[in-house]
Each structure stands twice: as structure tokens, then as C-alpha cells.
Amino acid sequence: MIEVKNLVKSFKDGPIETRVLKGIDFSAKQGEFVAIMGRSGAGKSTLLYQMSLLDEPTSGEIFISGKEAHTMSEREKMLFRLGEFGYVFQDYALLPELTALENVSLPLIMQGLSRSAADEKASEALERVGVGARLGNLPSQLSGGEQQRVSVSRAIAHKPSILFADEPTANLDRESSARVMEIFKELHKSGQTIIMVTHEDEYARLADRIVTLDDGRIISEKRN
Amino acid sequence: MLSAVDIRVGFYLALRQIRRASRWTTSLIVFVMLLTFLNLVVVTGLLVGIVAGISNQFRIQETGDVMITALDTKDYIENSPQILSFLQTLPQPRAVTARYSAAGSVEANYFSRVDPNEKPNKTGATIVGINPVAEDNFSNLSGYVGEGEYLSSSDYDAVLLGPQFVDRYSFGEQPGLTPLKNVYPGTKIRLTINGNTREVIVKGILDVPANSPLAARVFMPANELRQIMGRYEYAVNEIAILLPAGTDGAEFRDLLKRSGIGDKAKVQTFEEGIPNGVAEVQNTFAMIGNAIGSIGLAVAAITIFIVIFINAVTRRKFIGILKGIGISGEAIELSYIFQSLLYASIGSALGIGILYGFLVPYVSANPISLPISEAIIVAQVDGTMIRIMLIVLTTVIAGYLPSRMIVRRNTLDSILGRN
Ligand SMILES: Nc1ncnc2c1ncn2[C@@H]1O[C@H](COP(=O)(O)OP(=O)(O)O)[C@@H](O)[C@H]1O
Ligand SMILES: [Mg+2]
């Protein structure tokens, strides 16, 4: 499904070059749920951005469904992000002037669905994460937990091949976190490939495999 | 590059951004666009209208739509009575007036002048003999009387003075014109034509702008002027014809020429008869109007640019997220273009409403009284359309540029708020 070989990412600040990822080899199979753990600053987010085509690695290769990311045009990458990936960000990243339903519908419309088909699919996805009653609300009218669930529905409404999540529960209280993780468990059960960065052992335990990063390298891999 | 989906999504985003934007901000931007439109259309229209007012003043006060004057080789129009009665048989004319005119002089304060070496209070004048009723029908001359009264047909030894002759109204001594002092309705003045001098009473003084054709005329009933001039036939100097609105003056001129009048007199439309250079002045004013309008257009473009730029900068994170989840940059840019387009269209639509629904009809019914003319607003529909297209084009560019600047920034940097 996704494979990363000898991935290096460094940032240049004038003459100083900081290597954040120092040669990562990693892969995830179809339907697999992988948790990425590690100290703050270990390079977890950076790795996720490279794999999800939001950023360009300094060197190394990324294969997605057998295609090498480096050979893709910007437009191809955009279409990949639109059609194949789903993103859940730590801070929900919903558009403030769009209602819950519109936030979820928008990428579907971008994929060429009609308004009504997109709205129908979007409300199904919102129903699935338990915010079906808040379709017409703006993000500012929703609690953090509800916003994150809307964000999850946006990420899964188009049935992506991979769902990326970067600390999806970091801003949530225990109860909301548990609900979001419950949804991830459900998604995993129904065959969704998930790559999730988390700090919480409790949630990492839901994954098939836990990969731990430190200082830009993978220091351990453990199957649950 | 642009796909139908980009347009749909761009529109979808634009609509929701506007719907949830602050009413105040939106109204303010629309108001700026409205002012831009009015600035671009009305300022030019008014400047052109000032000149149009000047030439229109000639038309309604002097020449009419078609004017018959003496041939260059003659002092008067031959066969005047026949021409006048022919005109009466025609259905077109709305009003016809025939005038005698003579060069002469007027003098005031001749009794108080004791020293024979003192300069007389005297000036050259064009004296016009009119039928008071016909002239009033033609130009509403009685409506311009500011002091005293209008002439009646039975008046004798009575004149109306244009304001240029009266020192209270005129701009002082000018070459060829010495304004008369202490002249009021009832004052006696001396009129000299062809060496014949007659004492007449000032019955009224006209109140018209300095550049009105009435400003430097002395009017008196035609019969008396004929006597003073020693003209014993009814041979007039000019015949002015007003046509109903919308009638083609050139067509009527040709009709008169074909009837044989062309052999006896000069037949000209109002445009041919007005002083040279009016068209050039009109074009000059239009250019000045366009220059002023262009400044307004630039200000509007900058306003839109700043509004969209600030909007895009403060929403940079969301623009990054949109790109991150696969919304095309084109769709995002279009959303801003649609927004600025909407501001421009609403502003222009309001402008059109105000212009054609109120300003143009109101000002044409109540011309703006300026010292130079009775100004109207000249705003032809095709010119207005071009200006609207200019506003729309400018706005689209002013909305596109800043959004492009933000959209092209690196996606991840935008999401994370990095520079
Ligand atoms: N644009 C950047 N320029 C320089 N250093 C960066 C940049 N982005 C991230 N880093 C550094 O890379 C390291 C890893 O960051 P990150 O992947 O966000 O860590 P985390 O594991 O906490 O998600 C950190 O030390 C961070 O300071
Ligand atoms: Mg991180």
C-alpha cells in the first residue's frame, strides 16, 4: 500500500542544515493500522507529511500503490490527496465559514460529485461518527470533540485508501478522545488503512503495529 | 487548465464566504464600488453635460433645432412672409420665432453727465426685435426675466436688457462692452441704431449666465425696431424653429432646402449653427472626466486588492488546508475572483439604478444651474457599458492577484503558519 525507503528530510536555515529524518524505512499494508509514537520533536509529523505528499523529502523514495511519489506532478499529487488520502489534523482544520455538512461535502464536490450526491455521502459520513444532528452547524457552534469528528468524516467520506492522523486526540478531553478512537477502531475493523501519530499508549494499543521514532530514526517496531 | 469542477467549487466557496462575511464589510466594499461607478460615469457625464448644457442653451434660447438666416450676400431673409406662412403649413415645428436684429448702442446716465469731456456711459449692443408672444413660446423668454417685467405686444419704447449690460451682473468693463450703471426697471436709456436715437424705458432685466446667447442682447417689440431700422418690408433677419424631441433636425433642414427656401436663405441645423469649438470642448471635458474616473478606478482596484489580500492572508492556514485536502489552487483563486466580481456587479447594478432611475431623469428635468451653463448628465448606455466592463475587469484582476500570491505559497507552510 505505502512504502518508504531510506527517507531523509532536512531543513536548511542559512548554512545550518538540520536533518530531521535520518533514513527511514517503513511500510504499511492494505488494511493495516499503524501507530507512530515518539518524543516531541522526534520527527513524527515530518514523516507523516512526507508520506501523505504534503511535503517533498530531501532524498529517499515513497511508493504509494506501487507509484513513486517523486515522479508525480503537483496536479497528480493534489488528485492523490483528494481521492486517495484522508487527513485528520490535531487542530481539526475545518473551514470556519462552512457548516459541518459543507466541510465534508466540499472535497466530494471537488471530486466531481453533484451537490446532492455529495451532501448525501457527507451526511452519511457525519451520521457514522455521531454528529448527524449537527449538519447545519458552523464549526464555531460545535465542541472540540464534535469538530474533530466532523474532521474525521471529511477524511473518510470518500473512502480513502489511507487515513492519516496526526495526534487526533491531543486537543480533546478523555471522553471525546475515547469517542474518536472508537471511530478509528470501527474504521479499522471495516478494513481502513490508518497511519496515526499519537502520544497515548492506550490508543496506540488499538493499532496492529507500533513504530517508535527518536531523533529522526525508527528505534523500535512492535506488533500488538 | 480551468475545469468545470474548479468553477463549481470556486463558486461554492465564494458564496459561503460572502454569506458568512460581516454585513458591514460587504456593504462598505459595495459602497466603494458604487462610488467608483458613479465617479467614472457621472463625473464624465456631468463634464460633458456642462458643455452639452452650453450648446443646448444655444438651441433652446437662440437657434432652435433648425435656423434660417440671411444669405451672406444679403442683410435680411428674402421672402420672409412666404417662408413663415409655409412653415405654418408644416406639421413638424413645435415653435417658430422670427427676429429682426440690428447693431446699435445703448447709453445710460446721459442726464447726470455734466462735463462734456467725461466718457459717456455707452456701449455697443445687438438689438433684437421680437414678437413677444412667439418668442416666449419659443424660448420661454419671460421665464428668464429676473427684474421687472416681460414685454407685451402693445409695448412701445420699452426694452428687455441682457445682464451683460447691467454693471450689477456683468464682469465689469470688457473690450467692446461698458456696462451701464444705475439701470433698473423703469430707468430710461438711449438707443441708437443707424444714427436714429430713441429714448426707451427698461422694462425688465434678464437673469441668465454670462455665456447665454441672451446675455448680451437688447430685446424690443419687432414693429418698433423695424421703424427705427427703417426696414419697411416684413423682411426678418432670422427664423428659429424648434422641433419636437426626437425629430431629426437634418431631415427637416433638407425638407426646407428642397422646398426652395435654400435659394433665398441659409438653412442650418443647430449643430451647424453653434459656435465652432464646442465639440472640441466637449471632447476635452470627456477626457478630463475619464482621467478623473481612472484615478477612482485605481483607488477601487487598490481597495479590492487590499480587502482580498487581507482576507487571503488571514485565511492563509485555511487556504493551505484546502490545498492539503486536494482542493485545486484554481478553485480557491476563483473563489476570490467571484467575490470581487460580486462586489463590482452589485456596486455597478446599484449605480445603474441610481444613474438611470434617478440622476439622469432628475437632472434633465432640473438642470444643475452652474455659472457657465445649465448642466445635464450625458451618460450614453454604450459608454456606461464600457465603463462597467472596465470596472469588472479591474476588479477581477484586483481580486485575482492577491489570492494568487497567497495560494501559490507552499501548502504545508501555509497549514503550519510557517513563513
Ligand atoms: N520547517 C522546519 N525548519 C526547521 N526545523 C523544523 C522544521 N519543521 C520541523 N522542524 C524540526 O524537526 C523536528 C521534528 O519535528 P516534528 O516532525 O514536528 O516533530 P514531532 O515528532 O513532534 O511531530 C523538530 O526538532 C522541529 O523543530
Ligand atoms: Mg508533531
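Every chain is numbered from 1 and lettered A, B, ... according to where its sequence line falls, protein lines coming before strand lines. Bear in mind that the values here come from a model prediction, so they are computed numbers and not experimental data.
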Interface moiety of A:Leu53 toward chain B, non-hydrogen atoms closer than 4.5 Å: neither
A:Glu102 portion near chain B, given a 4.5 angstrom heavy-atom threshold: both
Heavy-atom neighbours of A:His70 NE2 exceed 12 at 6.0 Å: no
B:Leu416 versus chain A, the contacting section by heavy-atom distance below 4.5 Å: side chain
Exercise: identify the closest heavy-atom pair between B:Leu412 and A:Leu54: CB-O, 3.7 Å
Portion of B:Tyr12 that has a non-hydrogen atom of chain A nearer than 4.5 angstrom: side chain
Side chain / backbone / both / neither for A:Arg115 at chain B, heavy atoms under 4.5 Å: both
B:Arg19 CZ: over 12 foreign heavy atoms closer than 6.0 Å: yes
More than 12 heavy atoms of other groups within 6.0 Å of A:Glu120 CD: no
Heavy-atom neighbours of B:Phe31 CZ exceed 12 at 6.0 Å: no
Atom CE of B:Met405 with >12 non-hydrogen neighbours under 6.0 angstrom: yes
Evaluation steps, side chain to side chain contact (heavy atoms under 4.5 Å, CB included), between B:Arg20 and A:Thr99: CA-CA 10 Å; B:Arg20 278 148 201 152; A:Thr99 63; 3.7 Å; yes
Pairwise side-chain contact, A:Met78 with B:Ile327, heavy-atom cut-off 4.5 Å (strictly under): no
A:Tyr87 side chain near B:Ile415 side chain, heavy-atom distance below 4.5 Å: no
A:Glu61 atom CD: more than 12 heavy-atom contacts under 6.0 Å: yes
Part of A:Ser105 within contact of chain B (heavy atom distance under 4.5 Å): side chain
From B:Thr411 atom OG1 to A:Glu74 atom CD, the distance as rounded to the nearest 0.5 Å: 7.0 Å
A:Arg81 (side chain) donor-acceptor with B:Lys323 (main chain) under 3.5 angstrom: yes
Heavy-atom neighbours of B:Phe11 CZ exceed 12 at 6.0 Å: no
Over all atoms of both residues, closest heavy-atom pair of B:Ser328 and A:Arg75: CB-NH1, 4.2 Å
Spatial distance of atom CZ (A:Arg154) from atom CD1 (B:Ile321) [nearest 0.5 Å]: 6.5 Å
Test item: B:Arg16 side-chain N/O and A:Glu97 main-chain N/O as donor-acceptor pair under 3.5 Å: no
Structural part of A:Leu113 lying under 4.5 Å from a heavy atom of chain B: backbone
Part of B:Ile325 within contact of chain A (heavy atom distance under 4.5 Å): both
Selection from A:Gly83, A:Gly112, A:Pro107, A:Pro96 maximising heavy-atom pairs under 4.5 Å formed with chain B: A:Pro96
Flag if over 12 foreign heavy atoms under 6.0 Å of CG, A:Asp13: no
Winner by heavy-atom pair count (cut-off under 4.5 Å) against chain B, out of A:Ser45, A:Ser52, A:Ser114: A:Ser114
Side chain to side chain, B:Lys317 and A:Asp91, heavy atoms closer than 4.5 Å: yes
